[in-house]
Amino acid sequence: MTITQVLECDTLTDVAARIRSHVVDMCAGPEGGHLGGALSCVDVLTALYFSVLDVDTHWPDDPDRDRFLLSKGHAAVALYATLAERGFFPVEELSGFGRAGSRLMGHPVRAVPGVELPTGSLGHGLALGCGFALANRYAGRTSRTFVLLGDGELQEGSVWEAAIAAASQRLDRLVAVVDRNGLQLTGPTDAIAPMEPLAERWRSFGWAVREVDGHDPELLADLLDAGPWEPGKPSVLIARTVKGQGLPFLAGRASSHYVTLSPRNHARAISALRVAEALA
Amino acid sequence: MSRATREAYRDSVLALLGRHPELMCLDSDTGLFSADHAAAAGDQYLNLGIAEQNLMGVAAGMAACGRVPFVNTMAAFAASRALEAIKIDIAYNRLPVRIMATHGGLAAGHLGPTHQALEDLAVMRVLPGMTVVVPADAAATEAFVEQSVTLPGPLYVRLGRKPTPPIPAAPPPVIGKAQTLRTGGDVVLVGCGPYPVLACVAAAETLAEQGIEATVLNMHTLRPFDTETLIAAARPATLVVTLEEHWRAGGLGGAVAETLAEAQPTRVLRLGVPDKFVDEVGNQEHLVAHYDLTAERVVRAVRTALDTAARSGKTDWKEHHS
């Protein structure tokens, strides 16, 4: 079955389920992975890569492409699974994650087809995205730039430097998505560094803001495709998500942040995803 | 005629912008570019505000999309505050961003240690693929800015603040190629930056009057390092002295010592700012004198080293160690 056929007959929810399954498999590898924060952003990535982004897997460097940056680079497993499902490289390669010799490092690297720039040190993606958006504007392109941020990542001051720049440069082809799962490595983001009212913060920085259920890929796709929501303003979508979404024994727990799934928990995870899929 | 290297950069880049539409001039509200300059640069100039990490990230993003940004900041803020963005966003991706860092060394003068950069050369020259240049005068700055247009990968240029004198007649400045300002077989004096190079030239003249012949190198490029010229100069010499406006660790002296230790073992004396933060008010000239980064210091260092060697019977220090 070719990718085109997949796109024709699958719903976004079906695609997201397959990506979750890859993520779970990768986190059962020798090094484990950032499972919780990967699963929380799968539906956003699915909406972007299977509905919104104008990208060509046969010509990933097309200068007119839309660009995406995973600023929360620790969710690399979710990005790799999404890129592979989208056809940037063979799905079989995902099994190399965490194994010596693989190019699929724990944080996104450019050697992986479809990755724009390496990320992983938090707080870099939005400034890079501003650079993309500015360069596109200078080149007269209408391409859009999307940046996915973690909510814990918003504690990095450089995010807000970039938020100021994007608004002052009126980058309305720039869209940020905040994966608002409410948890960071050691606990709730709001217990560690309160950031509510988050939408108001972004608004006060001059951004157009929407808040939605981050696990409804159709809704996410419609909203992300509809920008700019306010002319002359960059857009930020606050996606309310659940860390570890899809795995009842890990969902909503900070302990899902970095997990090496044992064979037993791997099996539990797979069956949980199957049940969820059957109910969908 | 004395002229500030940062002003030479500003005027050069403004002249280049019109000829090269891919160039950008991204500012962090440094004040180097007046409203008139900005107007002359048109939409190729952007002031992105006081946010150096963001400045480097935006520049990297633009460079990844085919533009060649010159970013304006002070050396202190490039080398420490924005270092991670330079390392990851720019150097890791080998992007052609030109980091134009003013107030290098002691040039910030009375503004104090927050605004002085005495670690920048050490930090920048360890980054893979980073070209690191310290023009010694305005003419060299113009030449380097012109050459940078087609230079692959990232570039760090350390600039000054106030006018400094031109260095004496020298071969044309070319990035990556040391300038030999004088040739002599006894000792090698190596400097980078305006005051150190001038001090090395003056010291060589004084030493010549005392019968000691010195080769003087303006080592304006710390990466890629012109090992060939350095090794050839050091081969006949008994002593190499380096002088820089930088803490003694990791900068020019470090690069020279590393090179010679591996390829042409020669005694190296590293002269620079002592291992401490500047503790008194003074302009650049005052601080250069205060820390004795002077021709007199170079002469003293050479005389002491040669006299000590002679007293211990090691008339040819190097032969003794070979």
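Each chain gets a letter, A, B and so on, in the order its sequence line appears, and its residues count up from 1. Just so we're clear, the structure is a prediction, and the values are computed from it rather than from any experiment.
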Chain A contact via B:Met56 - side chain, backbone, both or neither, heavy atoms under 4.5 Å: neither

For B:Asp275, is the CG atom crowded, meaning more than 12 foreign heavy atoms sit under 6.0 Å from it? no

Within a reach of under 6.0 Å around NZ of B:Lys162, are more than 12 heavy atoms found that belong to other residues, nucleotides or ligands? no

Portion of B:Glu52 that has a non-hydrogen atom of chain A nearer than 4.5 angstrom: backbone

One option among A:Ala127, A:Ala133, A:Ala162, A:Ala135 has the most heavy-atom pairs under 4.5 Å with chain B, and it is A:Ala127

Let me confirm one number: the OH-CE distance from A:Tyr138 to B:Met24, rounded to the nearest 0.5 Å. 3.5 Å

Working to the nearest 0.5 angstrom, can you tell me the gap between B:Arg67 CZ and A:Leu134 CG? 9.5 Å

Go through the atoms of A:Glu116 and report whether side chain, backbone, both or neither lie under 4.5 Å from a heavy atom of chain B. neither

Tell me whether the count of non-hydrogen atoms from other residues, nucleotides or ligands lying under 6.0 Å of CZ in A:Arg103 goes above 12. yes

Is the shortest side-chain heavy-atom distance between B:Asn54 and A:Ile164 below 4.5 Å? no

If you count heavy-atom pairs under 4.5 Å between each of A:Cys130, A:Pro118, A:Ser158 and chain B, which one has the most? A:Pro118

Is the number of heavy atoms from other residues, nucleotides or ligands within 6.0 Å of CE (A:Met105) greater than 12? no

Measure distances from B:Leu46 to the heavy atoms of chain A and classify the residue's part below 4.5 Å as side chain, backbone, both or neither. side chain

Between B:Asn93 and A:Arg110, what is the shortest heavy-atom contact and its length? OD1-CD, 3.8 Å

Counting heavy-atom pairs under 4.5 Å with chain A, which one of B:Leu48, B:Ile88, B:Asp43 comes out on top? B:Asp43

Taking atom NZ of B:Lys87 and atom OG of A:Ser121, what is their separation to the nearest 0.5 Å? 8.0 Å

Minimal heavy-atom distance between B:Met62 and A:Gly131, with the atoms involved, is CG-O, 3.3 Å

I need the B:Cys65 SG to A:Arg141 CZ distance, nearest 0.5 Å. 6.5 Å

Out of curiosity, A:Leu128 CG to B:Asp89 CG, how far, rounded to the nearest 0.5 Å? 4.5 Å

